[in-house]
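What follows is a short report on a single structure.
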2 protein chains.
Amino acid sequence: MKTRIQELRKQRKLSQEELALAVGVTRQTITSLEREKYTASLVLAYKIATYFGLAIEEVFDFSEAGY
Amino acid sequence: MKTRIQELRKQRKLSQEELALAVGVTRQTITSLEREKYTASLVLAYKIATYFGLAIEEVFDFSEAGY
DNA sequence: TAAAAGTGTAAAGTATGCTTTGCAAAGGAG
DNA sequence: CTCCTTTGCAAAGCATACTTTACACTTTTA
């Protein structure tokens, strides 16, 4: 799934490691989400969105066909 | 995870079967979500919320400890 | 009251999210 | 140029989401 994670993370000048720590997952998970290897779980999506002060729908793109 | 799925479904007088069909899963999946057997995936959460005309955060309750 | 529709549950199987470890390569800073 | 931080990737393993089938119980409707 397409996301704005990398964009938002870079705006705030955070490393993948720092973001991972902040939302309680490993760096590999953040990498995978940014590289669109898989879709975040609902809870992780919420934690990431909340961390950035946004709604889930503002971080994750559901407009794509197939979702 | 706590959700308002059952409440919203009953308001609209839908069966689990009908809702399941509408969002593209089986009835068992809807039952499990209503009975809090597990948490929906991000995509399913989006489909359900959208079906009810609400934001994800309005259907799923993230306030619980642990999430 | 008998049939039908709706719901809860269970177990086994498949698919996907996340972790762990480890290595390679790219970029910035001294 | 060299070190250090950051990032991409891979494979194996565990946890969880969802399916399929099937059965029991309850509620609605004819």
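The structure displayed is predicted, hence computed values, not measured ones. In what follows, chains carry the letters A, B, and so on, assigned in the order in which the sequence lines appear, proteins first and then strands, with residues in each chain numbered from 1.
B/T26 has a side-chain polar atom (N or O) that falls below the 4.0 Å cut-off from OP1 or OP2 of D/dT19.
The distance between atom CD of B/E34 and atom C1' of C/dG6, rounded to the nearest whole Å, is 11 Å. B/I30 has its CD1 atom 14 Å from the P atom of D/dT20, to the nearest Å. Atom CG of A/L42 is separated from atom P of C/dC18 by 10 Å (rounded to the nearest Å). Computed from coordinates, the B/E36 CD to C/dT9 C1' distance equals 16 Å when rounded to whole Å. Remark: C1' of D/dC18 and CZ of B/R35 are 18 Å apart, rounded to the nearest angstrom.
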| Chi angles and distances behind the side chain to side chain donor-acceptor pair (under 3.5 Å) call for A/S32, A/T29 | CA-CA 5 Å; A/S32 297; A/T29 296; over 6 Å; no
| query | Hey, mind stepping through A/K47 and B/F62 against side chain to side chain contact (heavy atoms under 4.5 Å, CB included) and telling me if it holds? | reply | CA-CA 9 Å; A/K47 285 180 180 168; B/F62 297 98; over 6 Å; no
Would you mind writing out the side-chain donor-acceptor pairs for residues 50-57 of chain B within the sub-3.5 Å range, not counting sequence neighbours?
{"unit_1": "B/T50", "atom_1": "OG1", "unit_2": "B/Y46", "atom_2": "O", "d": "2.8"}
{"unit_1": "B/E57", "atom_1": "OE2", "unit_2": "A/I56", "atom_2": "N", "d": "2.9"}

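Among C/dT19, D/dT19, C/dT9, the nucleotide with an atom closest to any side-chain atom of B/T29 is D/dT19.
Against DNA chain D, the stretch residues 5-20 of chain B makes no heavy-atom approach under 4.0 Å.
Among residues at least two apart or in separate chains, salt bridge (charged side-chain N to carboxylate O under 4.0 Å, His left out) pairs with a member in residues 5-30 of chain A are A/R4-A/E7, A/R9-A/E34.
For the side chain to side chain contact (heavy atoms under 4.5 Å, CB included) with A/L44, the qualifying choice from A/V25, A/T39, A/I30 is A/V25, the only one to do so.
Rounding to the nearest 0.5 Å gives a distance of 10.0 Å between CG of B/L8 and CG of B/L14. With values rounded to the nearest 0.5 angstrom, B/E36 atom CD is found 9.5 Å from B/I5 atom CD1. With rounding to the nearest 0.5 Å, the separation of CG in A/L33 from CE in A/M1 is 10.0 Å. In this structure, CD on B/Q28 lies 9.0 Å from CD on B/Q16, to the nearest 0.5 angstrom. Taken from CG in A/L42 to CZ in A/F60, the straight-line distance is 9.5 Å, to the nearest 0.5 Å.
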Tabulate protein N/O versus nucleotide N/O from nucleotides 14-17 of chain D, keeping only pairs under 3.5 Å, one per line.
{"unit_1": "D/dA17", "atom_1": "OP1", "unit_2": "B/T39", "atom_2": "O", "d": "3.3"}
{"unit_1": "D/dA17", "atom_1": "O5'", "unit_2": "B/T39", "atom_2": "O", "d": "3.2"}

| task | Scan nucleotides 22-30 of chain C nucleotide by nucleotide, 5' to 3', and note B when protein non-hydrogen atoms come under 4.0 Å of the base, S if they reach only the sugar-phosphate, - if neither. | result | B--------
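Remark on the helix from C/dT1-D/dA30 to C/dG30-D/dC1: inter-end axis angle 50°, axes from five-pair C1' superpositions, rounded to 10°.
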